[in-house]
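Data block below; observations after.
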Number of protein chains: 2
Amino acid sequence: MCRDCAPKAQSIIASYKSGDRTIKAGQALFRPTERCDAIHHLVEGWVLLYDLVDDGGRQILNFALPGALLGLSPGRMALYGAEALTDATVCLIPHERLGPLIEHHPGIGLRLLQTVWRERNLAYDHLSSIGRRPARQRIARALLELFVRSRMQWPAHRSEEMHLPLTQEHIGDMTGLTGVHVNRILHGLRAEGILEFHYRRLRILNPDKLVDAARVDAQTVVAWTGRSAPD
Amino acid sequence: MCRDCAPKAQSIIASYKSGDRTIKAGQALFRPTERCDAIHHLVEGWVLLYDLVDDGGRQILNFALPGALLGLSPGRMALYGAEALTDATVCLIPHERLGPLIEHHPGIGLRLLQTVWRERNLAYDHLSSIGRRPARQRIARALLELFVRSRMQWPAHRSEEMHLPLTQEHIGDMTGLTGVHVNRILHGLRAEGILEFHYRRLRILNPDKLVDAARVDAQTVVAWTGRSAPD
DNA sequence: CGCGAAATTGAAGACACTCAAAGAGTGTGG
DNA sequence: CCACACTCTTTGAGTGTCTTCAATTTCGCG
């Protein structure tokens, strides 16, 4: 299920966890500023990380896929909110158990390190997208990234169509745009025969043109997949 | 010098490194897409991480302070560029040594994990700033963050004035704005008696008003400092 | 003193936002 | 199975923040 946790690693972690938790789609795992004593290791499902801004705006920080580590923060307050996009399962590891876990199983430590630094690289990628790219590129990138990452996670599904439980408002919140403007851009992409995004269903009609509109290079796509490259 | 690396940890890492490297202010450690075989552990100085966008734009991803881990990427290509803002020293750890290092010294693994996840949280913070805040708040936040982080790193300096080797263009590249617009906003902040930023020197005239303009809460500031909160 | 880089200022324009209303799709309960 | 309620999408018109382009001034440094 989770690429980052081979079965063996899973069972090792299991002996340090305080328990599992299942969350229904749409429910919150935790909210910003809420007390959060345990690290949440996502085992199954999609989870949305977000930050709320005082004027009512919301910024989506990441879409966490299985293997992600949520709730890492100094102090015991969550710095951001987390809510399940699909039904999800997390494995809870109390903060104070993390030290012993890594002490006894350094290999796990290395894996966690790689997971988090991949998350950091992804965040960097989003930063330059939101900070320096026009709306069309941001949206094309965001959708392409979601597509690539989910295909990598669940290679079974093989079509160019996928279920994406997001509204256009969500896409706006991830790209730093308004839902209304996202709608206009999507309209353009559809008119150009590049993709369709209708009621939680994304269909890529012309992958080449989408890559072109997103202005991503092969290297970046590889980074999205999370694969370590060959030597 | 580096808060994250107690002397003991330093000496352990030393036995796994391939060497040190000193970089003069303004010089590049590595450029985007350049081959990069070793992890760069920053020991001393400020390093700027950036990404270049095809239209000529640049996005600053982070200002790395001592303790930061640079050059972590899948494959052996750098996903971003790194350039020294001040004279700097890095300790180079070949990628293939990382496994053995953590294997034999799990405590180091835990520290590295905490370092990277703090960097990730900082990137998330920047995301919501750039994605959802107006120019004035972004700039106020950016300057306040730099101030807080550098004060935490070098507590010796105690005044409300600091040396910041940046141009207004740099501030634009970190906040996703143009240098010209940064200038106008800084003009406003100066007119209000909040701060002065003139030729590589930042002086905070009214800390309370700056915090107000930046719209940061205490919790976020604590996260910037990198301190783990008490239980 | 003069050169180059950075800062400053103005004017015009563009991209994205706000406000608002209508249309389409989904789900639920009778 | 239909009707209603709700959410999400779609479209228009007007506005505003930030950008672009360009000229001028200030500053640091040789």
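Side-chain atoms are counted along with the backbone in the values below, which use heavy atoms only and exclude waters and symmetry mates. Order of the sequence lines fixes the chain letters, A, B, ..., with proteins taken first and strands second; residue numbering starts at 1 for each chain.
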Subject >> Comparing A:His198 and B:Ala135 on DNA chain D - which has the more 5′ nearest nucleotide >> reply: A:His198
**OP:** Under 4.0 Å between any heavy atoms, over every strand shown, what does A:Arg190 touch: base, sugar-phosphate, or nothing? Just pick one.
**Re:** sugar-phosphate
**OP:** Determine the minimum heavy-atom distance between A:Ala142 and A:Met174, stating which atoms define it.
**Re:** CB-CE, 3.6 Å
**OP:** Identify the heavy atoms of B:Ala25 and B:Asp87 that sit nearest to each other, and give their distance.
**Re:** N-OD1, 2.8 Å
**OP:** Check each residue of residues 172-186 of chain B for a non-hydrogen atom within less than 4.0 Å of any atom in DNA chain C, then write out the ones that pass by number, or none.
**Re:** B:Val180, B:Asn183, B:Arg184
**OP:** Would you list the pairs meeting salt bridge (charged side-chain N to carboxylate O under 4.0 Å, His left out) in which at least one residue belongs to residues 162-174 of chain A, sequence neighbours left out?
**Re:** A:Arg58-A:Asp173, A:Asp173-B:Arg132
Subject >> Segment of DNA chain C, first to last nucleotide, that comes within the 4.0 Å heavy-atom reach of chain A >> reply: C:dA16 to C:dG25
**OP:** Could you tell me, to 10°, how much the axis swings from one end of the helix from C:dC1-D:dG30 to C:dG30-D:dC1 to the other, five pairs per end?
**Re:** 40°
Original post:
Which heavy atom in B:Pro66 sits nearest to a heavy atom in B:Gly45, and how many Å separate them?
Top reply: CD-O, 3.4 Å
**OP:** For residues B:Tyr124 and A:Leu61, report the shortest heavy-atom separation together with the two atoms involved.
**Re:** O-CD2, 3.4 Å
Subject >> A:Leu42 to A:Thr89 - nearest heavy-atom pair and separation >> reply: CD1-O, 3.5 Å
**OP:** Using a cut-off of strictly less than 4.0 Å between a heavy atom of the residue and any atom of DNA chain C, enumerate the qualifying residues of residues 199-206 of chain B by number.
**Re:** B:Tyr199, B:Arg200
Subject >> B:Phe30: ring-ring contact (aromatic ring centres under 6.0 Å, His included) partners, not counting sequence neighbours >> reply: B:His40
